[in-house]
**Q** 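Have a look at this one.
The residues of the chain are indexed from 1 along the displayed sequence. Heavy atoms only: backbone and side chains are in, while hydrogens, waters and symmetry mates are out.
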Amino acid sequence: MYIIPAIDVLDKKVVRLREGNYDDVTTYDISLEDQIEKYRANGTELVHIIDLNGAKGDFSNQEYLFDIIRKTEMKIQYGGGVRSIEKVKELIDAGIFRVIVGTQAITNPEFLEELSVLNEGKVKYADHIVIAIDVLDEVIKYSGWLESSPIKLIEYIDKCLALGFYRFLCTDISKDGKLGGAGVELYQKLLDHSPIIKLIGSGGISSMQDIQVLSDLGRMESCVVGKAIYENRITIEEIQDWNLKSLIRF
């Protein structure tokens, strides 16, 4: 299992939200550019960046983010308001390693169908897509966790798998930003459901012990860690040591 450091950006600042609440924001005294460089210098291969403005349909951060992303050698897993086929193509063609899709994939049934057959040259776009599933008490949330979907969790997973999407970023909202441990029961349920799922865990990770618990599930591909890093509960050096021992490379 690989540890992916997370950077959430709101109004061009590095932040964390508690349970997805835009009114409960912690702002960190470091720039996005410096935070990316910090991870790169310590051997991190992949970083997770979310545009929280974009998740609400406000793209005022976008040029700022893209200017920084274009300059880095890091592989980027990027999300926040990606709601059109054109935007997915633009991001992948620009060198984004993985594009996270959430709201549009849930609310527009044709979006995933069209995306599933989108190929160009040697690029199979589905291989670069991460399906974000943000869950609160097994209810799928979207639009920055502000709306609830009537689609059942497992039903949605099956729909995505049938279309060729196999990598899921699953956030247990009840755990997110609380540093109280990850949503192990939720992840176990998803891993048990299908042997082909590539699962990225997110939310609640507070220590290397929490990471070990996720790793012990046996089939977690990776996990995203944010707040625990900023609050010095997990060091970049610990992440580096763990990832060096991981068999996963990008």
Side-chain angles (χ1 to χ4, degrees), residues 2-17 20 22 25-105 115 118 120-132 134 144 165 167-169 171 198 200 202 221-227 229-230 236 239-240 243 248-250:
Y2 195 89
I3 302 171
I4 308 173
I7 309 175
D8 291 349
V9 180
L10 181 66
D11 300 332
K12 301 181 182 178
K13 297 176 182 177
V14 176
V15 305
R16 289 294 293 167
L17 306 185
Y22 282 75
V25 181
T26 300
T27 301
Y28 296 99
D29 188 23
I30 188 168
S31 71
L32 172 61
E33 196 166 18
D34 288 346
Q35 192 65 30
I36 291 174
E37 174 56 25
K38 205 171 174 182
Y39 294 137
R40 189 205 63 77
N42 280 274
T44 299
E45 296 180 49
L46 177 65
V47 69
H48 173 93
I49 296 178
I50 298 295
D51 177 3
L52 291 172
N53 293 86
K56 295 196 299 180
D58 167 14
F59 297 101
S60 57
N61 276 340
Q62 189 163 285
E63 278 308 309
Y64 164 77
L65 293 173
F66 284 9
D67 283 346
I68 293 172
I69 288 169
R70 288 187 194 105
K71 295 174 186 175
T72 183
E73 299 174 1
M74 293 273 280
K75 289 184 171 66
I76 304 295
Q77 180 170 283
Y78 180 91
V82 181
R83 294 174 187 167
S84 71
I85 297 295
E86 292 72 24
K87 179 57 68 176
V88 171
K89 290 187 66 175
E90 176 190 345
L91 292 170
I92 293 176
D93 293 348
I96 297 293
F97 182 61
R98 290 180 183 164
V99 176
I100 302 166
V101 298
T103 296
Q104 187 72 351
L115 190 54
L118 187 64
E120 187 173 302
K122 295 182 179 180
V123 176
K124 182 181 177 184
Y125 282 79
D127 289 338
H128 294 270
I129 298 299
V130 178
I131 305 292
D134 300 332
F165 300 101
R167 182 168 283 107
F168 299 89
L169 169 68
T171 301
K198 301 287 187 183
I200 306 169
S202 171
E221 181 186 66
S222 52
C223 65
V224 170
V225 180
K227 187 174 183 180
I229 298 172
Y230 298 111
I236 294 177
I239 292 173
Q240 181 183 33
N243 284 343
I248 297 173
R249 291 293 179 269
F250 304 101

**Q** Give, for atom CG of L32 and atom CD1 of I7, the distance between the pair rounded to the nearest 0.5 Å.
**A**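 Between L32 CG and I7 CD1, I get 5.0 Å after rounding to 0.5 Å.
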
**Q** Taking Y125 for the side chain and V88 for the main chain, is one N or O donor matched with an acceptor at less than 3.5 Å?
**A**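 Here the side-chain-to-backbone pair does not exist.
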
**Q** Test of understanding: with side chain to side chain contact (heavy atoms under 4.5 Å, CB included), list the residues that count as partners of K75, not counting sequence neighbours.
**A**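 K75 satisfies side chain to side chain contact (heavy atoms under 4.5 Å, CB included) with L46, F97, F250 once adjacent residues are dropped.
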
**Q** For side chain to side chain contact (heavy atoms under 4.5 Å, CB included), just list the numbers for K12 and N53, CA-CA rounded to whole Å, side-chain angles, deciding distance to a tenth of an Å, and then say yes or no.
**A** CA-CA 9 Å; K12 301 181 182 178; N53 293 86; over 6 Å; no

**Q** Can you confirm if the NZ or CZ of K13 lies within 45° of the ring axis of Y28 and under 6.0 Å from the centre of its six-membered ring?
**A**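 Verdict for Y28: no cation-pi partner in K13.
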
**Q** Is any side-chain heavy atom of V101 less than 4.5 Å from a side-chain heavy atom of F165?
**A** no

**Q** Rounded to the nearest 0.5 Å, how far apart are CG of L52 and CG of D8?
**A** 4.5 Å

**Q** Considering only heavy atoms from C-beta outward, does the side chain of T26 approach that of Y230 to under 4.5 Å?
**A** no

**Q** Return the minimal non-hydrogen interatomic distance between A6 and V224, and the atom names on each side.
**A** CB-CG1, 3.2 Å

**Q** Under 6.0 Å from the CD atom of E73, do we count more than 12 heavy atoms belonging to anything else shown?
**A**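 Incorrect, the count does not exceed 12.
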
**Q** State whether a side-chain donor-acceptor pair under 3.5 Å links R98 with Q77.
**A**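 Distance-only check passes for R98 and Q77.
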
**Q** Does the R167 side chain pair with the main chain of H128, one donor and one acceptor, at a distance under 3.5 Å?
**A**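 No, R167 side chain to H128 backbone: no donor-acceptor pair under 3.5 Å.
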
**Q** For the residue pair T72 and M74, what are the closest heavy atoms and their distance?
**A** OG1-N, 3.1 Å

**Q** Is there a side-chain contact between V99 and V130 (heavy atoms, below 4.5 Å)?
**A** no

**Q** Check whether any side-chain heavy atom of I50 lies under 4.5 Å from a side-chain heavy atom of V9, and answer yes or no.
**A** no

**Q** Does any donor atom in the side chain of N42 or T44 lie under 3.5 Å from an acceptor atom in the other side chain?
**A**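 The answer is no; no qualifying pair exists.
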
**Q** Working to the nearest 0.5 Å, report the span between CZ of R16 and OG1 of T27.
**A** 12.5 Å

**Q** Report the C-alpha distance between K38 and I236 in whole Å, list the side-chain angles of each, state the deciding distance to 0.1 Å, and finish with yes or no for side chain to side chain contact (heavy atoms under 4.5 Å, CB included).
**A** CA-CA 8 Å; K38 205 171 174 182; I236 294 177; 3.7 Å; yes

**Q** I need the minimum non-hydrogen distance between V47 and P5, along with the two atoms involved.
**A**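 Scanning both residues completely, I find the closest heavy atoms to be CG2-O, 3.3 Å.
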
**Q** Working to the nearest 0.5 Å, report the span between CD1 of I69 and CD of E33.
**A**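 Atom-to-atom, I69:CD1 and E33:CD are 11.5 Å apart.
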
**Q** Check whether the ring centres of F66 and Y78 lie less than 6.0 Å apart, and answer yes or no.
**A**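 Yes - the distance between ring centres of F66 and Y78 falls below the 6.0 Å cut-off.
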
**Q** Output the distance between atom CG (L169) and atom OG (S202), rounded to the nearest 0.5 Å.
**A** 5.5 Å

**Q** Counting only heavy atoms not in D67 (residues, nucleotides, ligands), do more than 12 fall under 6.0 Å from its CG?
**A** yes

**Q** Between N243 and I3, is there a donor-acceptor pair closer than 3.5 Å when you use the side chain of the first and the backbone of the second?
**A** yes

**Q** At what distance, to the nearest 0.5 angstrom, does CG of D51 lie from CG of L65?
**A**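 Here the interatomic distance stands at 5.0 Å.
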
**Q** Provide the closest heavy-atom pair for E45 versus Y2 in the form atom of the first, atom of the second, distance.
**A** N-OH, 3.0 Å

**Q** Side-chain contact test, heavy atoms from C-beta onward, threshold under 4.5 Å: evaluate it for K89 versus L118 and give yes or no.
**A**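 Yes; the side chains approach each other to less than 4.5 Å.
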
